[in-house]
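Shown next, in structure tokens, is the structure this report addresses.
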Protein chains: 2
Amino acid sequence: MKPYFEANGIQIYHGDCFEVLHALRGIDAVITDPPYSSGGQFRGDRTMNTVTKYVQTNQQAFRAEFGGDNRDQRSYLAWVSLWMSAALHASNPNAIAALFTDWRQLPTTTDAFQAGGWVWRGIGVWDKTGAARPRLGGIKSQAEYIVWGSSGPLDADANPICIPGVLSAPIVRGTDKEHIAEKPLKVMSWLCELCRPGGLIVDPFVGSGTTLVAAKKSGRRAIGIEIMEANCEIAAKRLQQGFLDLSEVA
Amino acid sequence: MKPYFEANGIQIYHGDCFEVLHALRGIDAVITDPPYSSGGQFRGDRTMNTVTKYVQTNQQAFRAEFGGDNRDQRSYLAWVSLWMSAALHASNPNAIAALFTDWRQLPTTTDAFQAGGWVWRGIGVWDKTGAARPRLGGIKSQAEYIVWGSSGPLDADANPICIPGVLSAPIVRGTDKEHIAEKPLKVMSWLCELCRPGGLIVDPFVGSGTTLVAAKKSGRRAIGIEIMEANCEIAAKRLQQGFLDLSEVA
DNA sequence: GCCGAGAATGAATCCATCC
DNA sequence: AGGATGGATTCATTCTCGG
């Protein structure tokens with residue numbers, strides 16, 4: 001398999017994540033921001049008045065909520081657990097994994113994480129620090145979440161760090177933004193510390209490539225996988241710029 | 001039914017939450033911090049008493065055990081959905097609910113919330129701002145979570161506020177702390193704003209009574225339910241002190 | 001009052017040991 | 001493919017107290 005891009009320990013493969021993951025070995029950390037598949041198809045139904053919708057017993061309410069409304073969640077569960085399982089097979093015994101998710105998919109993501117064979121060890125919070133749409137009459141949806149864990153026992157000796165559980169960083173805006181759901185470099189750099197220094201980080205959903213840029217800056221090797229060629233190009237460009245920046249500093 | 005305590009629109013009932021909830025009507029908000037039944041990876045860890053489970057060092061201050069904290073995930077799901085369902089039947093059409101949980105029980109809590117017939121609308125974050133136990137080799141467990149939603153459509157006109165999605169407040173420490181799992185008054189006051197001004201807040205798990213104190217300070221009526229008489233006493237005492245403080249200010 | 005040193009603390013977790 | 005119990009370990013942050 002030939003990488004789309006390669007330089008200074010960072011590779012990008014253009015293709016499907018399953019195909020590439022099956023060919024990989026020696027992963028120390030899976031750090032990624034997969035498409036959330038969020039936003040309910042049946043939101044109108046879900047937000048109806050449940051008291052009028054379910055006049056009878058709550059048994060009916062239970063079936064409505066857990067029956068047909070969340071079919072897309074079911075396939076999200078299956079899909080995430082499949083590639084997480086593929087990643088586990090390519091991982092070292094003390095590997096770490098960290099997946100982004102939003103509030104709506106958080107329970108499904110923790111299920112998928114464990115269904116894929118990983119040990120779930122906690123939740124990190126990315127606080128967007130107020131730059132979120134206000135929600136009148138309720139709590140502002142101001143955070144995204146990082147489901148994290150390991151492929152086996154935590155080997156704290158290999159990487160004796162402790163990163164904060166709530167990371168505050170404003171969302172990427174305006175002309176800097178290359179991708180709809182782009183994460184701040186600060187947040188991805190923070191997650192890269194979960195990987196042992198010099199270790200191999202894999203991101204199966206490169207997008208605009210922020211994980212790869214962060215991995216490079218923090219002195220880890222990285223392999224990214226991306227299915228859309230346009231994104232491969234953007235990520236490669238950012239990596240090249242990043243190297244230029246680094247050489248200027250040196 | 002006779003309240004254990006009553007003053008200035010705040011009542012405490014000493015008893016089981018199911019019994020009292022069935023007798024109630026007209027709830028505008030359910031705001032509560034139930035026992036999480038969390039702690040540890042193994043069943044043995046969960047079934048320990050709460051002081052052994054949650055208190056590590058030889059503390060000077062004595063803090064009481066609290067009950068109902070050793071359900072497994074299945075029964076936790078069933079138990080939460082049952083009292084949430086009872087609360088729904090006692091609630092007004094545009095009622096709000098907000099439940100505390102930790103990372104481990106978050107997915108079960110969102111299931112139970114919906115199984116009880118409520119519409120899940122998001123997750124709030126209580127950021128303990130650093131004073132949490134470090135976790136070597138991983139992400140610090142620095143937050144607890146608030147699962148929130150409503151009994152039906154959100155009525156933003158009745159209460160046109162929007163509270164932040166990440167609430168930062170240090171944990172309660174030292175001699176001020178009356179309960180192992182006590183929440184900061186600042187956090188509970190924030191949540192009380194979800195209830196329409198003058199509305200009725202119900203807390204089925206009073207503990208040390210922080211929700212009730214916050215409700216009083218924010219000008220809402222409140223009914224608390226608590227099964228342990230020792231906690232009823234602590235909460236009543238705090239409420240009386242609160243009223244004294246208020247009168248001194250006035 | 002301000003600063004620094006030392007002590008205390010935490011809605012844990014992991015593991016050895018015992019029954 | 002056991003289950004319960006207790007003890008060791010962890011360190012950033014907060015608290016206490018003396019100078």
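By convention in this document, chain letters (A, B, ...) are assigned in the order of the sequence lines, proteins followed by strands, and residues within each chain are numbered from 1.
- One atom, CZ of B/Arg46, and another, C1' of D/dG6, lie 18 Å apart when rounded to the nearest Å.
- Atom CD of A/Glu193 and atom C1' of D/dA12 are 15 Å apart (whole Å).
- Look at B/Glu178 and B/Arg238 and you find no salt bridge, because none of the NZ, NE, NH1 or NH2 atoms lies under 4.0 Å from a carboxylate O.
- Taking the six-membered ring for Trp and thresholds of 30 and 60 degrees, B/Tyr54 and B/Phe66 have nearly parallel ring planes, at less than 30 degrees apart.
- Using cut-offs of 30° and 60° on the angle between ring planes, the pair A/Trp118 and A/Phe113 is tilted.
- Between the CD atom of B/Gln142 and the P atom of D/dC11 there is a distance of 17 Å, rounded to whole Å.
- Salt bridge annotation for A/Glu193-A/Arg220: absent, with no cationic side-chain nitrogen under 4.0 angstrom from a carboxylate oxygen.
- Side-chain contact check for B/Val206 versus B/Asn231: every heavy-atom pair is 4.5 Å or farther apart.
- B/Thr129 comes within 4.0 angstrom of sugar-phosphate atoms only, judged by non-hydrogen atoms across all strands, and of no base.
- Whole-Å rounding puts the B/Asp176 CG to D/dT16 C1' distance at 15 Å.
- Checking B/Pro170 against B/Pro134, the closest nucleotide of DNA chain D that is more toward the 5' end is the one next to B/Pro134.
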With sugar-phosphate taken as primed atoms, P, OP1 and OP2 and all else as base, the protein-contact string of nucleotides 11-16 of chain C at under 4.0 Å (heavy atoms; B, S, -) is BBSB--
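- Note: A/Trp79 and A/Tyr76 have tilted aromatic rings, judged against thresholds of 30 and 60 degrees for the angle between ring planes.
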Annotated structure of DNA chain D as dot-bracket, pair cut-off 3.5 Å, Watson-Crick or G-U only, | for inter-strand, is .||||||||.|||||||||
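- Under the rule for a side-chain contact (heavy atoms from CB on, under 4.5 Å), the partners of B/Glu6 that lie at least two apart in sequence or sit in another chain are B/Pro3, B/Gln11.
- Under the 4.0 Å criterion applied to side-chain N and carboxylate O atoms, A/Arg196 and A/Asp155 are not assigned as salt-bridge partners.
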